[in-house]
Amino acid sequence: MRDLRALRRDELPTDTVALARFLLGTIVVRDGLGQRLAGRIVETEAYPPGDPASHAFRRRTARNAAMFLPLGHAYVYLAYGTALMLNVASETEDVGAAVLVRALHPLAGLPQMATHRGLERLRDLTRGPGRLAQAMRIDRTLDGIDLMASAGPLWLGTDGGVPEQIGTTVRIGITKAADRPLRFIVPGDPFVSGPTALNRAADLALRLGAPKAEAGLP
DNA sequence: AGTGCGATTGACT
DNA sequence: GTCAATCGCACTA
């Protein structure tokens with residue numbers, strides 16, 4: 001990892017899909033545990049305004065309130081009673097939308113992550129939304145925090161790294177609007193999630209884009 | 001107040 | 001490849 005710096009809110013694209021693409025290559029940093037944990041985002045999903053699959057589709061509730069916070073805030077929730085999910089709020093304040101962080105390529109604090117996970121194969125450390133949250137010790141207490149605050153326990157940074165390619169597929173594990181191409185991955189990265197069969201099906205819909213032009217970088 | 005159901009994971013056939 | 005665990009939340013009454 002080259003020199004790490006915090007991202008500024010004005011660098012983030014407001015649009016949910018643009019943000020989902022932009023976040024690939026950026027770094028999630030977990031501080032306050034003694035040892036810094038960090039991982040590069042290699043997989044995201046967009047849940048834009050008006051999306052039937054989005055938690056914010058119907059209305060604002062206690063659970064999804066963080067999706068309505070300004071751009072760059074964390075939305076953390078429990079899925080299936082077992083797995084915690086980290087999202088980044090998108091669009092403008094009072095608009096419910098977010099980007100789900102589905103996989104990280106671990107960069108720092110790997111031994112601690114392994115402890116949090118209960119000793120697993122390296123490849124399973126942060127491959128999948130529930131796994132990465134467990135590895136980074138992300139819980140509901142981090143729901144609603146500002147990810148642009150690099151003095152806080154969880155924040156977003158960059159080392160200037162941008163993926164060479166971005167793959168686009170359908171989203172995983174949803175039933176509504178299941179055909180929309182709103183999942184974005186760094187093709188070939190071993191930490192991208194999804195069962196083999198799903199990856200194969202997803203590969204059929206795979207399209208490659210030029211990340212620098214579409215990531216909204218200055 | 002009761003009920004059904006996930007933006008998943010891990011164990012097992 | 002199949003399948004149960006697990007619980008907060010949304011929806012019905």
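Every chain is numbered from 1 and lettered A, B, ... according to where its sequence line falls, protein lines coming before strand lines.
- Every stem involving DNA chain C, taken as at least 3 paired positions in a row under the Watson-Crick or G-U wobble test at 3.5 Å, is listed here: B:1-6 with C:7-12, B:8-12 with C:1-5.
- Not a single donor-acceptor pair, N or O on each side, falls under 3.5 Å between the base of dA7(B) and the side chain of Tyr80(A).
- In this structure, the CD atom of Glu43(A) is 15 Å from the P atom of dA7(B), given to the nearest Å.
- With respect to Ser193(A), the side-chain hydrogen bond (donor to acceptor under 3.5 Å, both in side chains) criterion is satisfied by exactly one of Glu43(A), Arg131(A), Arg127(A): Glu43(A).
- For CZ of Arg60(A), the number of neighbouring non-hydrogen atoms (other residues, nucleotides, ligands) closer than 6.0 Å is greater than 12.
- Arg63(A) comes within 4.0 angstrom of sugar-phosphate atoms only, judged by non-hydrogen atoms across all strands, and of no base.
- In terms of heavy atoms, Asp51(A) sits closest to Ala177(A) at OD1-CB, 3.7 Å.
- As rounded to whole Å, 18 Å separates atom P of dT9(B) from atom NE2 of His116(A).
- Backbone-only contact: Arg117(A) has heavy atoms under 4.0 Å from sugar-phosphate atoms and none from a base.
- Between Thr82(A) and dG10(B), a side-chain N or O to OP1/OP2 separation shorter than 4.0 Å is absent.
- Interface residues of residues 49-60 of chain A facing DNA chain B, ordered by number: Ala53(A), His55(A); criterion, heavy-atom separation under 4.0 Å.
- Both thresholds, 5.5 Å between centres and 30° between ring planes, are met by Tyr47(A) relative to the base of dA7(B), so the two rings are stacked.
- For Leu100(A) and dG6(B), the CG to P distance is 16 Å, given to the nearest whole Å.
- You'll find the side chain of Leu156(A) reaches within 4.5 Å of the side chain of Leu23(A), heavy atoms only.
- The nucleotide whose nearest atom lies closest to any side-chain atom of Gln134(A) is, among dG10(B), dC9(C), dT8(B), dG10(B).
- Distance from the side chain of Tyr75(A) is smallest to dA7(B) among dT9(B), dT8(B), dA7(B).
- Between Lys176(A) and Pro129(A), the residue anchored closer to the 5' end of DNA chain B is Lys176(A), taking for each the nucleotide with the nearest heavy atom.
- Counting heavy atoms from C-beta on, the side chains of Leu147(A) and Leu154(A) come closer than 4.5 Å.
- Put simply, the side chain of Ile185(A) does not reach to within 4.5 Å of the side chain of Phe191(A), judged on heavy atoms.
- In this structure, Tyr75(A) and His55(A) have side chains that are in contact, with non-hydrogen atoms separated by less than 4.5 Å.
- Remark: of the listed residues Val28(A), Leu107(A), Leu104(A), Leu104(A) is the sole one forming a side chain to side chain contact (heavy atoms under 4.5 Å, CB included) with Thr126(A).
- Here the CD1-CE distance, from Ile138(A) to Met85(A), works out to 11.5 Å after rounding to the nearest 0.5 Å.
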